[in-house]
Amino acid sequence: MTTTSPQRPPTAPTDAGLRRGVMSGPELAAQAIANIAPSAVIAFTAAAIFLGAGNGTIYAFGLATIVILCVGYCVVVFARKHASAGSLYTYVSKGLGPAGAYLAGATLLIGCFGIAAASLMGSVSYMGQFLTLLGVPAAGLGWDIGLAIVLGGLATLFTIRGIRLSARVSLVLELLSVAIILVLLISALVWAGPNAWDPAQLLAEGSSFQGIAAGMVLGILGFVGFSSADALGREAKNPYKAIPRAIMWSALTVGILYVFAAYTQIAVLGDDLATAASPLESMSELIGMPAWFAPVLTFGVAASFFAVVVAPLNVIGRIVYVMGKEGVVHERFGRTHERHLTPHRVLLAAGALAVVVDIVFLIAGADPMEILVWVNTWGTYGYMVAYALVAIACVVYTQRAGMRNGLVWACATIAVATMAYVFFANVFPVPAFPFNVIPYVFIACVLAALTRYWYLKVRQPEVIARIGNTETSAMDGVG
């Protein structure tokens, strides 16, 4: 399929370009799955949902999967016709114009950065626990800061060295982590024997619709970043088919994994799941897994968190790269490394900033897992806005193009209504500090980002006209 794009602006930087057609289908799926970090979600989210949904937890995950597939379908409508490194930033421009595209890009960058910085703290926490289990006293502020620098530096290095390297690192780490958890879950079901059959969950006994709906909020948050393969439009082989497949199949696969993991945890731990500090570790101890399995499990979760530091950094790099080519940000960010063919300046800045933000929180006295939850929540708001925008843009886009869009309307309505509900559920009733402040910090960040748009609209209107129009065919270079 051929796409058309406007003439390259005179001020656009000439660079080596991104690599063309090097990412296979499995590598694209690795990017998507790594951004979701299913192992990290399994380790915590099922227990949190169980507090409200009880035996209806599997249905909360199931409904969340359906909502995410609706969002994914809206993304796929664009991905089948447009290939770009701009991700949702480029897609939204096709329906909502420059203003919508800029807002989608800004909120998606907030989402990606928040998930990367938060997951770095998750990796630090679990890597510290892993080292402690091996006999290394890796506890305290100094260790946390040191691990943040080392792990953040490694994640940044992998993304700069090449998209295939970073994708393969993410794939190996996430597959390793999921495999370790699946061994535990299957072993737990075998240990439970006849008690593994739990009809109370299938009938959602004792659960209410309100509890399941509230649990669905957390379930949806467990999928953020699932569409990240769409930022690899230039680097993917056969992008118009491979990217849609990676987005939809990764979401469906992870959704099934979530349902299976939740069912197993409830069937084995029962009501103890609600009070377990670390459900997977509690399950491992209950069924008598060998002593060596504890550090293996801990390393697996640390690896999953590390993989999700790498994946969103890749997306940040490519969105800002496109913005640099269009003049939305400084042109130096619209260039790639001559040898590695990656947007190295953006990646270096984003990786370093994530480390700095985490260190500031650590020095202020916050625990790594507290930082994980706070920053992750802030970033999730960004993803939700971007997802709602791409759903609305898809309706407008298909309407203008005269395409049959009954399914688009249905999916977009579900997506937008659900994202609005998720946001509302996170601000009312008013949660305890600091969660009562985080939504307003997010809004302040968005408003700050919009000042750049207003400046460009007044001073450089020609840049506004280029927003969201840089597709694969406009990305000249040797890559």
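Counting from 1, the numbers follow the sequence of the chain as shown. All heavy atoms count here, side chains included; hydrogens, waters and symmetry mates do not.
Between the CG atom in Asp144 and the CD1 atom in Ile149 there is a gap of 11.0 Å [rounded to 0.5 Å]. Here the CG-CD1 distance, from Leu96 to Ile392, works out to 6.5 Å after rounding to the nearest 0.5 Å. Going from atom CD1 of Ile256 over to atom CG of Leu252 covers 4.0 Å, rounded to the nearest 0.5 Å. Here the CD1-CG distance, from Ile160 to Asn314, works out to 10.5 Å after rounding to the nearest 0.5 Å. Taken from CE in Met121 to CG in Leu151, the straight-line distance is 8.5 Å, to the nearest 0.5 Å. From Ser87, atom OG reaches atom CZ of Phe78 across 11.5 Å, with rounding to the nearest 0.5 Å.
Sorted by first and then second residue, the side-chain hydrogen bond (donor to acceptor under 3.5 Å, both in side chains) pairs with a member in residues 38-49 read Ser39-Glu174, Ser39-Ser177; sequence neighbours excluded.
For the pair Met127/Val150, no side-chain contact is recorded, criterion being any heavy-atom separation below 4.5 Å from C-beta on. Residues Tyr453 and Ile464 meet the side-chain proximity criterion, which asks for heavy atoms closer than 4.5 Å. Phe223 has its side chain out of reach of Val71: every pair of non-hydrogen atoms, C-beta onward, lies at least 4.5 Å apart. Contact of the Val310 side chain with the Phe306 side chain is registered, since non-hydrogen atoms from C-beta on lie closer than 4.5 Å. Side-chain contact between Val463 and Val328: present, with at least one pair of heavy atoms (C-beta onward) separated by less than 4.5 Å. Between Trp409 and Gln399 there is a side-chain heavy-atom pair separated by less than 4.5 Å. The side-chain heavy atoms of Met216 and Tyr59, taken from C-beta on, include no pair separated by under 4.5 Å. With a 4.5 Å cut-off on side-chain heavy atoms, Glu235 and Arg318 count as touching.
Applying the salt bridge (charged side-chain N to carboxylate O under 4.0 Å, His left out) criterion to Glu27, with sequence neighbours excluded, gives Arg164, Arg168. Judged as a side-chain contact (heavy atoms from CB on, under 4.5 Å), and not counting sequence neighbours, the contacts of Lys241 are Asn238, Arg245. Remark: Thr342 engages no residue in a side chain to side chain donor-acceptor pair (under 3.5 Å) (not counting sequence neighbours).
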Checking side-chain contact (heavy atoms from CB on, under 4.5 Å) for the pair Ile319/Val346: CA distance, chi angles, key distance, verdict? CA-CA 9 Å; Ile319 294 174; Val346 183; over 6 Å; no
Please lay out, stage by stage, how Tyr387 and Ser227 fare under the test side-chain contact (heavy atoms from CB on, under 4.5 Å). CA-CA 10 Å; Tyr387 289 160; Ser227 66; 3.9 Å; yes
Apply side-chain contact (heavy atoms from CB on, under 4.5 Å) to residues Tyr421 and Val217 and explain how you reach the verdict. CA-CA 8 Å; Tyr421 172 74; Val217 171; 3.6 Å; yes
Passes side-chain contact (heavy atoms from CB on, under 4.5 Å), Arg466 versus Met323? Steps please. CA-CA 9 Å; Arg466 293 198 296 266; Met323 288 180 167; over 6 Å; no
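Note on ring orientation: taking the six-membered ring where Trp is involved, the planes of Tyr397 and His82 are perpendicular (angle over 60°, cut-offs 30° and 60°). Classification of the Phe61-Tyr258 ring pair by plane angle, with boundaries at 30° and 60°, yields tilted. The aromatic rings of His330 and Phe333 lie perpendicular to each other, with more than 60° between the two planes, well past the 30° mark.
The two residues Thr418 and Ile414 come nearest to each other via the heavy atoms OG1-O, 2.6 Å. Closest approach of Leu120 to Val309, counting heavy atoms only: N-CG2, 3.4 Å. Taking all atoms of both residues into account, the shortest heavy-atom contact from Arg80 to Tyr73 is NH1-CE1, 4.4 Å. Annotation for Val430 and Asn436: closest pair CG1-CB, 3.7 Å, computed over non-hydrogen atoms. Nearest heavy atom pair, residue Val329 against residue Arg452, reads CA-NH2, 4.1 Å. Across every non-hydrogen atom of Ile220 and Met419, the tightest pair is CG2-CE, 4.0 Å.
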Could you tabulate the donor-acceptor pairs under 3.5 Å formed by side-chain atoms of residues 368-385, not counting sequence neighbours?
residue: Glu370; atom: OE1; partner: Asp367; partner atom: N; Å: 3.0
residue: Thr377; atom: OG1; partner: Val373; partner atom: O; Å: 2.7
residue: Thr380; atom: OG1; partner: Asn376; partner atom: O; Å: 2.7

Compile the donor-acceptor pairs under 3.5 Å between side chains in residues 103-111 and protein atoms, sequence neighbours left out, one pair per line.
residue: Thr107; atom: OG1; partner: Leu103; partner atom: O; Å: 2.8
residue: Thr107; atom: OG1; partner: Ala104; partner atom: O; Å: 3.1

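Under the 3.5 Å distance criterion, the side-chain polar atoms of Ser125 are left unmatched by any main-chain donor or acceptor of Gly122. Side chain of Thr451 to main chain of Ala448: a donor-acceptor pair is present (N/O by atom type, distance under 3.5 Å, no hydrogens or angles). Looking only at distances, no side-chain donor or acceptor of Ser123 sits under 3.5 Å from a matching main-chain atom of Ser119. Of the possible donor and acceptor atoms, one in the side chain of Tyr102 sits under 3.5 Å from a partner among the backbone N and O of Ala449. In terms of modelled atom types and a separation under 3.5 Å, the side chain of His344 and the main chain of His337 share a donor-acceptor contact.
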